[in-house]
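Input: a single structure, listed below in structure tokens.
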Amino acid sequence: MDLGERNLTDINQYLAFLEANNNLIRVKTEVDPKLEMAGIAKKLEGTKPILFERVKGSEYPVLIGLYWNRHILADILGTTNSQLPFVLQNEIKQWHLSPMEPVVLKQGPANEVIELDVDLTSLPIPHHAEGDGGSYLTSSVVIAKDPDTGVRNLSIHRMMVTGKNRLTLLLEELGHLMDYYKRAEAKGEALEITVNNGIDLPLTVAAAAPASAAPIDMDELGIASQMRGEPVELIEAQTVAVEAIANAQFVIEGRILPEVREIEGPYAEVTGYYAEQAPRWVFEATAITRRKNPIFHSILSGKEVRNAYGMSASAGAFTKINALVPEVTAIHFADGSVPYHLVVQIDKKHEGSQRNAMMAAFVALAFVKTVTVVDTDVDIYSSEDVDWAVATRCCYEKDLLVIPDAIGHRLNPMVEEDKWTRLGIDATVPLPRPDKFRRTTNVDVELSDYQIEGV
């Protein structure tokens, strides 16, 4: 991968790469970050990343859509769409074998300008959906340190602006940051963090990596270092004892306050529904540092979140699932249903292996609701092909595995009292394979060999 050698380690380099490959949309008309910007982005979702050059009330441009096209992500990483999970899986495996430590500097691009008089409202933080409670940070990577060991952790959280130096944020119950916070709060202490905006893809992947891929005792910055092919450079913060990403566009320093909860939400989540408004954790900003000419980065909830999470979770989970069931050859989150529906491809040698694969997937991925297992002749990246396999190979009377009262994902509206039912779907051909399940095929031809008009 060697992103360092290819000069692809920050947002500015990404923009140059996208421009050179005709993969960047520029909006030159002034747009309002409140609703209008996201309205434009939604119309173009899944195409090319968009740079909004003129943002009302701000001197900084805004980038949206960096992660919503898997083919462009594959280009950035120097691979193909189908190989994305395997590339990341190999990088995470290498990180486990030989962790690479980050380098800490005193100065870097991210602290060229230091603002101790904090005003979050001066940043072009978008208000995306009509029912959102306010403007949200959606793509910023949080760096925190374990209160007892000092090991760093990366994570991404939705963070709603509630004042000049105040944000409310959602902490996931099973996340490492929540674990850090609970231990700090038990001592009556705030948890110091840095919030890094405008960072490169490896850092986002590392921040989204599930616990199965990134144990709590390992510094997740090593995943990003491994993907870059060189150590991540950090800078010392101005007001907290936690480092920041040296080549970030913006860094917000501060602390999550103990025993304080304030209203957060509603927010348009990846589920396609609004997460409810409720009292949640409070972040108090103590400084903002930035580049001299920064670009603000935001993620539109939808394809971007599904791709970012799907790549990271697939990479980590495949290793664990394959270790338990070696016949598993690939996994993929079904389009439109991340993180709830996982498709597992299996080269089934023994009847029953498909059930083991289902259970392994449920163990590896806490938030998966449905696991569909298919044979190797099914294209797991095609929803149409997976649906075909379910329709023609699943016997509902005996091929469904129903697990009631499992712990659910609180963002999903089907969860009641933290519980839901998980479903495994066996869409594999029974062994020994009857001839009636042989797929039709056609001869493979090269269209360029023929004179064809109108294609």
Side-chain angles (χ1 to χ4, degrees), residues 88-89 91-106 108 110 140-157 159 169-197 199-248 251-258 281 283 286 308-309 312-313 315-317 319-320 364 366:
L88 298 178
Q89 169 211 338
E91 297 291 354
I92 290 173
K93 184 177 180 179
Q94 282 300 120
W95 167 62
H96 279 274
L97 293 174
S98 54
M100 192 182 304
E101 293 297 318
V103 177
V104 181
L105 312 173
K106 286 192 174 295
S140 302
V141 168
V142 170
I143 300 181
K145 284 185 175 180
D146 187 306
D148 298 315
T149 67
V151 172
R152 281 177 291 252
N153 173 259
L154 307 184
S155 55
I156 301 174
H157 307 267
M159 309 178 79
L169 72 156
L170 176 69
L171 299 182
E172 287 288 352
E173 188 61 41
L174 300 178
H176 291 168
L177 188 66
M178 175 67 96
D179 181 89
Y180 289 9
Y181 175 78
K182 284 182 175 179
R183 281 186 276 142
E185 187 180 46
K187 301 174 185 177
E189 299 173 354
L191 181 67
E192 295 184 336
I193 63 173
T194 61
V195 181
N196 302 263
N197 180 269
I199 42 81
D200 60 319
L201 178 59
L203 287 161
T204 300
V205 169
S212 59
I216 198 169
D217 59 347
M218 292 188 73
D219 188 337
E220 290 170 337
L221 284 164
I223 297 176
S225 296
Q226 180 65 42
M227 292 178 66
R228 285 186 180 183
E230 61 187 31
V232 170
E233 292 184 341
L234 303 175
I235 50 171
E236 296 177 359
Q238 308 299 308
T239 60
V240 296
V242 180
E243 296 80 15
I245 305 301
N247 64 1
V251 175
I252 305 171
E253 303 176 9
R255 53 196 190 136
I256 307 176
L257 303 177
W281 298 266
F283 171 75
T286 53
Y309 177 85
S312 302
T319 300
K320 191 166 186 177

Straight-line distance of Trp281 CH2 to Leu257 CG, nearest 0.5 Å: 13.5 Å

Could I get the full list of side-chain contact (heavy atoms from CB on, under 4.5 Å) partners for Glu230, not counting sequence neighbours? Thr9, Arg228

Could you list the residues that satisfy salt bridge (Lys or Arg N to Asp or Glu O under 4.0 Å) with Glu233, not counting sequence neighbours? none

First locate atom CD1 of Ile256, then atom CG of Leu169, and finally report the distance between them rounded to the nearest 0.5 Å. 5.0 Å

Salt bridge (Lys or Arg N to Asp or Glu O under 4.0 Å) against Glu236, all qualifying residues, sequence neighbours excluded: Lys106

Non-neighbouring partners of Lys182 that pass side-chain hydrogen bond (donor to acceptor under 3.5 Å, both in side chains), sequence neighbours left out: Glu173

Please identify each residue that fulfils side-chain hydrogen bond (donor to acceptor under 3.5 Å, both in side chains) with Thr319, with sequence neighbours left out. none

Quick one: does Gln226's side chain have a donor or acceptor within less than 3.5 Å of a partner on Glu91's backbone? no

Excluding sequence neighbours, so at least two apart, what forms side-chain hydrogen bond (donor to acceptor under 3.5 Å, both in side chains) with Glu192? none

Are Asn247 and Val232 side-chain neighbours, meaning at least one heavy-atom pair lies under 4.5 Å? no

Please name the pair of heavy atoms, one in Val151 and one in Tyr180, separated by the smallest distance, quoted to 0.1 Å. O-OH, 3.2 Å

Looking at CD1 of Ile156 and CG of Leu177, how far apart are the two atoms once the value is rounded to the nearest 0.5 Å? 12.0 Å

Set of side-chain hydrogen bond (donor to acceptor under 3.5 Å, both in side chains) partners for Arg255, sequence neighbours left out: Glu284

Could you pull out the closest heavy-atom pair between Pro102 and Arg152, with the gap in Å? CG-NH2, 3.1 Å

With Ser140, which residues qualify under side-chain contact (heavy atoms from CB on, under 4.5 Å), at least two apart? Leu137, Val195, Asn197

Who are the side-chain contact (heavy atoms from CB on, under 4.5 Å) partners of Thr194, not counting sequence neighbours? Ile143, Asn196, Ala237, Val240, Val242, Ala244, Val251, Glu253

Of all heavy-atom pairs linking Pro147 and Lys187, the shortest is O-NZ, 4.2 Å

Taking the side chain as every heavy atom from C-beta outward, state whether Thr204 and Ile199 have any pair of such atoms under 4.5 Å apart. yes

Who are the side-chain contact (heavy atoms from CB on, under 4.5 Å) partners of Ala366, not counting sequence neighbours? Leu174

